[in-house]
Amino acid sequence: MNIFEKLTTGYPSGDVTGQSFVDHLSIGAPGWVSAWIAVALAVIFGLLVYIIPIYLTEKDKLGPYPLWLHTFYWAADFMGIWVFLAAWKNYDHFLLFLLLAIGEAVWVCMETYCLQRALTYEKDVIWKPGTSFKSHMTEIITQIVIFYVGLNFLRFELHDETMWKFWIFTQVLITIVPGLVLEKRGYRRGNNKILHIVFICVALVSFNPWCNMWLCIEPSFFSLSENPWYYIMGLICLYFSVRGLIVYNKLPEKETI
């Protein structure tokens, strides 16, 4: 199959199941060390893309993400808790599934905190001034419900037992959206250079064709030869993450609050 056919009519031959995690991340399995390193890097940068915004929100009284990105991640990570707990139960209590479930719970807590701070600091930015608290909460809950149902629907449509196919879109959004939001705002407040460097690292860690977490866990689905669109998407994510840093550097220095 030539590259044109692969890009237009080809599909990966493999699939991603809980057994994929067990087979490639069990101690002693071929390549298990590099696979665990890839997982660790993805988790570390995944934590940083929330820890840094929490710091920025407290410092600048404004965060770098739009409201819908918080509600999307809240829904996705809340779903992840139950997906990975189920996998932990169904695959002989494989340790990584429990760690991922705990990690998802931590992310949900951080996202809940960010939503609370958005209600505190950003309400006049997100909503028309004077809008009631009830309206704010109604919109947040509505978005979460829509994303939660939509993502579960997508997981079932993709036969995505471990939500691994759709979960890469969390990396897609975090590397593309903040830079576009920053450009639209036109000021540095709520952002910093370190955060945009982290976005670049997320793109590199998630989409490099040699040792990314998705490739290590299921190479038959995420290899360059089987899934070229994955790496094309990665180039787009890298471009926008670098562009976001360039946009940040071009903006005026922050005003003292």
Side-chain angles (χ1 to χ4, degrees), residues 43-81 102-152 166-167 169-199 201-202 237 240-241 243-245 247-248 251-257:
V43 170
I44 289 169
F45 286 115
L47 289 170
L48 286 175
V49 298
Y50 261 96
I51 292 171
I52 296 172
I54 287 173
Y55 162 77
L56 288 168
T57 300
E58 296 302 328
K59 179 176 178 289
D60 294 352
K61 303 299 184 284
L62 180 70
Y65 306 149
L67 181 71
W68 67 264
L69 201 59
H70 289 303
T71 55
F72 173 89
Y73 283 121
W74 198 102
D77 291 326
F78 186 75
M79 179 176 73
I81 295 173
I102 293 171
E104 295 283 43
V106 171
W107 271 302
V108 168
C109 289
M110 289 193 292
E111 288 144 6
T112 300
Y113 181 85
C114 288
L115 285 169
Q116 191 278 329
R117 301 322 263 170
L119 286 167
T120 302
Y121 295 139
E122 302 175 38
K123 58 181 183 294
D124 290 338
V125 175
I126 300 171
W127 295 281
K128 182 179 179 181
T131 307
S132 68
F133 176 78
K134 180 180 178 181
S135 296
H136 300 168
M137 287 303 302
T138 299
E139 182 171 342
I140 288 173
I141 293 170
T142 300
Q143 287 186 19
I144 288 174
V145 169
I146 291 170
F147 283 133
Y148 187 75
V149 173
L151 290 172
N152 273 284
F166 102 79
W167 206 31
F169 286 99
T170 63
Q171 311 299 80
V172 171
L173 292 175
I174 205 66
T175 52
I176 293 176
V177 171
L180 297 177
V181 171
L182 172 67
E183 184 178 35
K184 185 176 181 179
R185 287 178 179 175
Y187 51 81
R188 289 184 175 185
R189 185 178 160 219
N191 283 264
N192 68 10
K193 185 178 294 187
I194 294 174
L195 180 61
H196 286 275
I197 292 173
V198 167
F199 294 147
C201 293
V202 169
C237 291
F240 277 99
S241 60
R243 183 179 182 275
L245 178 61
V247 168
Y248 178 86
L251 293 174
E253 294 289 338
K254 291 183 185 181
E255 295 180 2
T256 303
I257 298 177

* Asked: Going by distance alone, is a donor N or O of one side chain under 3.5 Å from an acceptor N or O of the other, for Glu139 and Trp127?
  -> yes
* Asked: Mind checking whether Tyr148 and Asn152 have side chains closer than 4.5 Å, heavy atoms only?
  -> yes
* To do: In plain terms, say whether Lys61 and Glu122 are close enough for a salt bridge, that is, a side-chain N and a carboxylate O under 4.0 Å apart.
  => no
* Asked: Just by modelled atom types, is the Gly80 backbone N or O under 3.5 Å from a matching donor or acceptor in the Asp77 side chain?
  -> no
* So, Gln116 versus Thr112: side-chain donor-acceptor pair below 3.5 Å or not? -> no
* Taking Lys254 for its side chain and Asn191 for its backbone only, find out whether a donor-acceptor pair lies under 3.5 Å. => yes
* Asked: Does atom CD1 of Ile51 have more than 12 heavy-atom neighbours, drawn from other residues, nucleotides or ligands, at distances under 6.0 Å?
  -> yes
* Is any side-chain heavy atom of Phe147 less than 4.5 Å from a side-chain heavy atom of Ile144? -> no
* Answer yes or no: is there an ion pair linking Arg243 with Glu183, defined by an N-O contact shorter than 4.0 Å? => yes
* Asked: Got a second to check how far Glu253's CD is from Arg189's CZ, nearest 0.5 Å?
  -> 16.0 Å
* Does some side-chain heavy atom of Leu119 sit less than 4.5 Å from a side-chain heavy atom of Ile140? -> yes
* Asked: side chain to side chain contact (heavy atoms under 4.5 Å, CB included) between Asp60 and Tyr121: does it pass, once the steps are laid out?
  -> CA-CA 9 Å; Asp60 294 352; Tyr121 295 139; over 6 Å; no
* Asked: Side-chain contact, heavy-atom cut-off 4.5 Å: Val177 with Phe240?
  -> no
* Structure fact -> Residues pairing under side chain to side chain donor-acceptor pair (under 3.5 Å) where one sits in residues 47-57, two or more places apart or in two chains, turn out to be Tyr50-His70
* Flag side-chain contact, heavy atom, 4.5 Å: Ile81 against Trp107 -> no
* Whether His136 and Phe133 hold their rings parallel, tilted or perpendicular, with breakpoints at 30° and 60° -> perpendicular
* **Donor-acceptor side-chain pairing of Ser135 and Thr138 below 3.5 angstrom** => no
* Asked: Under a 4.5 Å cut-off applied to non-hydrogen side-chain atoms, are Leu251 and Leu182 in contact?
  -> yes
* **Side-chain touch Ile176/Cys237, heavy atoms, less than 4.5 angstrom** => yes
* Centroid-centroid under 6.0 Å between Trp74 and Phe78 rings -> yes
* Structure fact -> The complete set of ring pair (Phe, Tyr, Trp, His ring centres under 6.0 Å) pairs with one or both residues in residues 172-192, sequence neighbours excluded, reads none
